[in-house]
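The block underneath contains the structure these notes are about, expressed in structure tokens.
The analysis underlying the following values was restricted to heavy atoms, covering all of them including side chains, and did not include hydrogens, waters or symmetry mates.
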Number of protein chains: 2
Amino acid sequence: MTKHNTLLVGDCLIHLANIETGSVDLVYLDPPFFSQTVWRSKTRDNTQEYSFNDKWESLQEYKAFLAERVQECKRVLKNTGSIFLQCDRTASHHLRLMLDELFGSENFQSEIIWNYRRWSNSKSGLLNTHQTIYFYSKSAVYKFNRIFTDYSPTTNIDQILQERERNEYGKVVYKRDTTGEVVQGKEKKGVPLSDVWDIPYLNPKANERTGYPTQKPILLLERLITIASDEEDLILDPFCGSGTSLVAAQLLNRRWLGIDVSNDAINLAQSRLNIPKRTSSRLLELGEAAYLNQNDKTRSILNSLDAIIVERNAGIDGFLKTHYLETPVAIKIQRASESLEEAQKKLLRACATKGCILKILIRTNPRRDLTLFESEFEDNNLIVLDSYDLIVGEWLNNPRLKATPPSDIAN
Amino acid sequence: MTKHNTLLVGDCLIHLANIETGSVDLVYLDPPFFSQTVWRSKTRDNTQEYSFNDKWESLQEYKAFLAERVQECKRVLKNTGSIFLQCDRTASHHLRLMLDELFGSENFQSEIIWNYRRWSNSKSGLLNTHQTIYFYSKSAVYKFNRIFTDYSPTTNIDQILQERERNEYGKVVYKRDTTGEVVQGKEKKGVPLSDVWDIPYLNPKANERTGYPTQKPILLLERLITIASDEEDLILDPFCGSGTSLVAAQLLNRRWLGIDVSNDAINLAQSRLNIPKRTSSRLLELGEAAYLNQNDKTRSILNSLDAIIVERNAGIDGFLKTHYLETPVAIKIQRASESLEEAQKKLLRACATKGCILKILIRTNPRRDLTLFESEFEDNNLIVLDSYDLIVGEWLNNPRLKATPPSDIAN
DNA sequence: TCCAGAGATGAATCCACCC
DNA sequence: GGGGTGGATTCATCTCTGG
């Protein structure tokens, strides 16, 4: 009997039959999605083509195929075990109905939404950027390890620090002691993990990419495995493909058992498992915030111009959505640390290769540093505008208004 | 027969029967979710308790109840119309199956995930922070207005600007003209809206909150209505509750028809529709402002002035955080529908009672309507500034620049 | 009406270059 | 030489067109 750290080629229904009842802690299933297409993709060096077939006679055939196999997965699960079934919107409702029948709707735990940004041609209709993972436990008592995430940056600090209670009407209010002082709360760990997961899609340029179609990012699997299993537990993936779930299990010190019908897939999984590596993603590690170069004010100004915001350029902060003489119109907002001259230089240099005729520079610093001549702006087709708060600030400092303080304030 | 801008009390099944076949452009349904509880909540001043019953004999009863009503919704929809059914994870799969049967799975357009952040004591398990909205059209030809969002911060500038083509080996490369210069691409609007929507849950302190249970944020409804209907279209909400969808419809110049079984709900909806309010969410402003309408632009301008935003005043949109002669400085942004004179009048009238000496009016409409004299501004201590896009727009229409189109475009 | 193939596209990487 | 900037690349979608 094979039980752990094994790769098996063939229909999982047959192999599952050989697995002992109640021996598995976590099942992860990434079955075909009923997309009615054959997925093909090549490795980057064109030496190998991978494919798998997701074409079916009918929805009935598809449902029956899966139900038979998921039933077996339930059998091999421990009573404290869980199953995670990943699917897309195509057949998700049918699959959940199936899980309700097999596991009981009372054992439904979560509908996890994996949300990602994806490149695609513009679409009429909404761009589909999520997949669903259904999380069912085998019984009411199941393993679950809590994960906490950071507080949202907009969270009021009081919410984290202060204790709360219900007042006489049952409304939640901050707790105060007898002297009316707020009561400080206990240490908090953060926000419990939500069921919507923002995890970047596996990028075409990523080293992690194997060339196998529909490869999942390793972080997604790491999360599933972390929340629903402990070290040394046994993870089963009956449609393991390139083996991402097994690599994740290995890295997290879990035992694993992978099955796939494709010989190529199993060979690929084997080679990944020989050197299990967790490739790092700059985006994942640093977060989106690391790419944001602009502050709130800069972004507000660009927003009020309905501009396309550009973060990855030192000289250009954005573009108008309208072109001028069929060329883009670049915008730069002067930074607090920049003189107008510096800002102008950066903008012009950045524009040189972008073919912009018209450029807009928004001045945010006081006029003291005005060393440029009007003619220089015009020669460069550069419009210089003063920011609202610059103009308003000058008025406030140097009033040209017929203003007298109201008498009640003046005395 | 009632057709638009009407509120009806009673079972929607009965009222739907009186609605003409093929007369409605968009149906939004926020029915009970099969939560098997009675929802109750109180207004902030505790004067009124609202409740609605979501207890059912069985799932069958619930499904039959809804199917009957959704069938009627389908009948009253125009052929180019769409239906949006909101639900939570409890019964979403049953509801989608029902929609597949009634509308046909080929008319399934999107599974929209509304993701919100929420406070909760973490039970064991994942914190549920999403609801699902199923989007079905009545036929293959349906209204859809595209909305574009910002590019990811990781996107680089050349992707947005440059044209590409395939080279002799079939590889995608940047296009160059015969002289070796890169070829500029066409105007871009941004990235198409995805089907996962991060919209903050209604801030409990926002004045938008009415005390009605399960109230939805207005931004969510604005998006739905924007993408699937045009101005003057008829929006139907058969479970309208406190009327958020109707308020959104009103703000977007759509006609509306709301039905609810509760008298209290209808009274509340009526009072909200008398003075539609709108909350701005700081999270949305600073984060991924999804699309710009008039309100967004107003907010962006106020943000760039670091102003305090005022939502409930027709004459004043915000205040500077700095005072002038110890009095607040009021700001108003001219609306598309207002002449400068009207805007000025509203601002001055609103300021009369607030003791503002200095007022700022930001002009957003072309100068045609300029009928005021400088002296009138000065007499009133009023600063009038042109908005950036107004200035830029005038430059683009009436260039004073030494601009020559590139030779390849000119000939 | 449906399928194949070509074209368009943007997220997130890799990598060359430049001080 | 190394840290940062900007340009180049990959590839899975979606659209469109022709047969």
Below 4.0 angstrom, N of the basic side chain to O of the carboxylate: do [X] and [Y] qualify?
X         : Y         : answer
Glu338(A) : Lys346(A) : yes
Glu326(A) : Lys186(B) : no
Arg117(A) : Asp198(A) : no
Asp230(B) : Lys143(B) : yes

[X] [atom1] to [N] [atom2]: how many Å, rounded?
X         : N       : atom1 : atom2 : value
Lys345(A) : dC19(C) : NZ    : P     : 14 Å
Asp88(A)  : dA12(D) : CG    : C1'   : 14 Å
His130(A) : dT13(D) : NE2   : P     : 14 Å
Glu311(A) : dG4(D)  : CD    : P     : 17 Å
Gln36(A)  : dT13(D) : CD    : P     : 16 Å
Tyr291(A) : dA12(C) : OH    : P     : 8 Å
Asn293(A) : dG4(D)  : CG    : P     : 12 Å
Ile308(A) : dG10(C) : CD1   : C1'   : 12 Å

Task: Partners passing salt bridge (charged side-chain N to carboxylate O under 4.0 Å, His left out) against Arg164(B) (at least two apart in sequence or in another chain) - done: none
Task: salt bridge (charged side-chain N to carboxylate O under 4.0 Å, His left out) partners for Lys188(B), two or more places apart - done: none
Anything under 3.5 Å between a protein N or O and an N or O of nucleotides 5-7 of chain D, put it in a table, one pair a line.
unit_1 : atom_1 : unit_2    : atom_2 : d
dG6(D) : OP1    : Ala314(A) : N      : 3.0
dG6(D) : OP2    : Ala314(A) : N      : 3.1
dG6(D) : N7     : Arg312(A) : NH2    : 2.9
dG7(D) : OP1    : Lys354(A) : NZ     : 3.1
dG7(D) : OP2    : Lys354(A) : NZ     : 2.6
dG7(D) : OP2    : Asp158(B) : OD2    : 3.1
dG7(D) : O5'    : Asp158(B) : OD2    : 3.4
dG7(D) : O6     : Arg312(A) : NH2    : 3.0

State, without any angle test, whether [X] and [Y] hold a side-chain donor-acceptor pair at a distance under 3.5 Å.
X         : Y         : answer
Arg96(B)  : Thr132(B) : no
Ser245(A) : Asp237(A) : yes
Asp264(A) : Ser262(A) : no

Please write out the pairs of protein N or O atoms and N or O atoms of nucleotides 3-9 of chain C separated by less than 3.5 Å, giving the distance to one decimal.
unit_1 : atom_1 : unit_2    : atom_2 : d
dG7(C) : N2     : Asn121(A) : ND2    : 3.2

TODO: Assign the ring pair Tyr116(A) / Trp114(A) to parallel, tilted or perpendicular, where the plane angle (0 to 90°) is split at 30° and 60°.
DONE: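 Tilted, since the angle between the ring planes falls between 30° and 60°.
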Task: Any residue meeting side-chain contact (heavy atoms from CB on, under 4.5 Å) with Pro200(A), in chain and number order, not counting sequence neighbours - done: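 Here the qualifying residues are Leu283(A), Leu284(A).
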TODO: Specify the angle, to 10°, made by the local axes at the two ends of the helix from dC2(C)-dG19(D) to dC19(C)-dG2(D) when five pairs are taken at each end.
DONE: 20°
- [ ] List in numerical order all residues of residues 196-206 of chain A for which some heavy atom is under 4.0 Å away from an atom belonging to DNA chain C.
- [x] Pro200(A), Asn203(A), Pro204(A), Lys205(A)
With sequence neighbours excluded, tell me which residues meet ring-ring contact (aromatic ring centres under 6.0 Å, His included) with [X].
X         : result
Tyr50(A)  : Tyr212(A)
Phe84(A)  : Phe135(A)
Tyr134(A) : none

Look for any protein N or O under 3.5 Å of an N or O in nucleotides 16-19 of chain D and output each such pair with its distance, or none.
none

Open item on the list: Using the side chain to side chain donor-acceptor pair (under 3.5 Å) criterion, which residues pair with Arg282(A)? Sequence neighbours excluded.
Closed with: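 Partners of Arg282(A) by the side chain to side chain donor-acceptor pair (under 3.5 Å) criterion, ordered by chain and then number, come out as Tyr291(A).
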Open item on the list: For the residue pair Lys74(B) and Phe103(B), would you count it as a cation-pi contact if the rule is NZ or CZ under 6.0 angstrom from the ring centre and within 45 degrees of the ring axis?
Closed with: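 Judged by the rule (NZ or CZ under 6.0 Å from the ring centre, within 45° of its axis), Lys74(B) counts as positioned above Phe103(B).
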Open item on the list: From the set dT13(D), dT13(C), dG10(C), return the single nucleotide nearest to any side-chain atom of Leu283(A).
Closed with: dT13(C)
TODO: Quick one: label Ser152(B) by what it contacts on the DNA or RNA (base, sugar-phosphate, nothing), any heavy atom closer than 4.0 Å.
DONE: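 Result for Ser152(B) = sugar-phosphate.
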